[in-house]
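Since the structure is predicted, the reported quantities are computational estimates derived from the model, not experimental observations. Values below: every heavy atom of this structure, side chains too, minus hydrogens, waters and symmetry copies.
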Amino acid sequence: MTDTHTPEVTWAQRSSDSEPERNYLYVNLKTADVPKSEADLKITPTEVSFTGKSGKGVTYKVSLPLYAEIDPENSKVNHTDREVELVLRKKELKSEYWPRLLKEPKKYHFLKTDFDKWVDEDEQDEAAEDDYANNFGGMGGDEGGLGNIDFSKLGGMGGAGGMPDLSALAGGAGGMPDLSALAGGAGGAGGAAGGAEEEDDDELPELEEETPKSSKIQEVS
């Protein structure tokens, strides 16, 4: 025995009084796991109806009597594993939006506004060009964007990807000076400079040994 459900329906719209391709409805039927072979979609100027059976034994059925007429000949369908996407061309060119999707002015529990696609009537001219239905079929794909970038291939950390390994700075490795040699030299009179003075004091006796040699030279002359 199969269960019959009304699918969730979402919608948005655009309008134009001069460009038919910008005068349309977005209508999506959420019909998960319904293959095309098990779907019966009918689009007339005044109504959209759908019946489909999913692989999980669920039958989806819905009828949508429209507020006004559409042009089926210039409407488009994209059936996926998750939903049936429709771009329905409004028949009448008009700058004003439809006040609602369906003919009867009542609330339907299964019908919702598609806020991802919705643009207010007075802002639709500012919408991106690829937002219009003439590019339908390339919208909302799962590919592209930052989500598919493999950041591990960018390198730049820990010496990977051609960036220097900061560990080479430690202990004089990689031909770099041992920064520890600078320790004590900053702000400390008794640091490295003090050590150099002590070494000079140790060498003074060696300089004194030159004095006898100087005396012998004078005696010979």
- Take Q13 and W118 through the test side chain to side chain contact (heavy atoms under 4.5 Å, CB included) and record every step on the way to the result. CA-CA 7 Å; Q13 64 177 317; W118 189 272; 3.7 Å; yes

- Kindly determine whether V84 and V77 satisfy side chain to side chain contact (heavy atoms under 4.5 Å, CB included), including the steps that lead there. CA-CA 7 Å; V84 177; V77 179; 4.1 Å; yes

- Query: Does the side chain to side chain contact (heavy atoms under 4.5 Å, CB included) test come out yes or no for D40 and K42, once each step is laid out?
  - Reply: CA-CA 7 Å; D40 182 18; K42 295 180 181 178; 3.7 Å; yes

- Query: Going through the checks in order, is the side chain to side chain contact (heavy atoms under 4.5 Å, CB included) test met by L64 and V9?
  - Reply: CA-CA 10 Å; L64 305 173; V9 179; 4.2 Å; yes

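In this structure, NZ on K53 lies 13.0 Å from OH on Y60, to the nearest 0.5 angstrom. Note: L25 CG to L66 CG = 7.0 Å, rounded to the nearest 0.5 Å. Separating the CD1 atom in I43 from the OG atom in S49 is a distance of 9.0 Å, to the nearest 0.5 Å. Atom NZ of K90 sits about 10.5 Å away from atom CG of L88, to the nearest 0.5 Å. Interatomic distance, I70 CD1 to N23 CG, rounded to the nearest 0.5 Å: 12.0 Å. Between the CZ atom in R89 and the CG atom in D71 there is a gap of 6.5 Å [rounded to 0.5 Å].
Residue P45 comes nearest to P72 through the heavy atom pair N-CG, 3.7 Å, listed as atom of the first residue, atom of the second, then distance. Taking every heavy atom of both residues into account, L86 and N28 meet most closely at N-OD1, 4.0 Å. Contact detail for E104 and Y108: the closest heavy-atom pair is CB-OH, 3.3 Å.
Atom CD of E73 has 12 or fewer heavy atoms from other residues, nucleotides or ligands within 6.0 Å.
Residues that satisfy the ring pair (Phe, Tyr, Trp, His ring centres under 6.0 Å) test with Y67, not counting sequence neighbours, are W98. Taking the side chain to side chain donor-acceptor pair (under 3.5 Å) definition, one finds that E47 meets it with S63, sequence neighbours left out. Listed by chain and residue number, nothing satisfies the salt bridge (Lys or Arg N to Asp or Glu O under 4.0 Å) test with K107 (two or more places apart in sequence, or in another chain). Checked against salt bridge (Lys or Arg N to Asp or Glu O under 4.0 Å), E69 has the following partners two or more places apart in sequence or in another chain: K91. Applying the salt bridge (Lys or Arg N to Asp or Glu O under 4.0 Å) criterion to K30, with sequence neighbours excluded, gives E83.
Judged by distance alone, with hydrogens and angles left aside, the side-chain atoms of Q124 form a donor-acceptor pair with the main-chain N or O of S15 at under 3.5 Å. Side chain of K61 to main chain of P7: no donor-acceptor pair is present (N/O by atom type, distance under 3.5 Å, no hydrogens or angles). The backbone N or O of P20 lies less than 3.5 Å from no partner atom in the side chain of S16, so there is not a single donor-acceptor pair.
Clustering ILVMFWY residues whenever any of their side-chain heavy atoms sit less than 4.5 angstrom apart, transitively, puts L93 in a cluster other than the one holding V119.
Relative ring orientation between F50 and H79 is described as tilted, the plane-to-plane angle lying within the 30° to 60° band.
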Sequence neighbours excluded and cut-off under 3.5 Å, please list the side-chain donor-acceptor pairs for residues 109-116, or say none.
| residue | atom | partner | partner atom | Å |
| --- | --- | --- | --- | --- |
| D114 | OD1 | D116 | N | 3.2 |
| D114 | OD2 | K117 | NZ | 3.4 |

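At least one side-chain heavy atom of R14 sits under 4.5 Å from a side-chain heavy atom of Y26.
Taking a cutoff of 4.0 Å between a charged side-chain nitrogen and a carboxylate oxygen, D17 and K94 do not qualify as a salt bridge.
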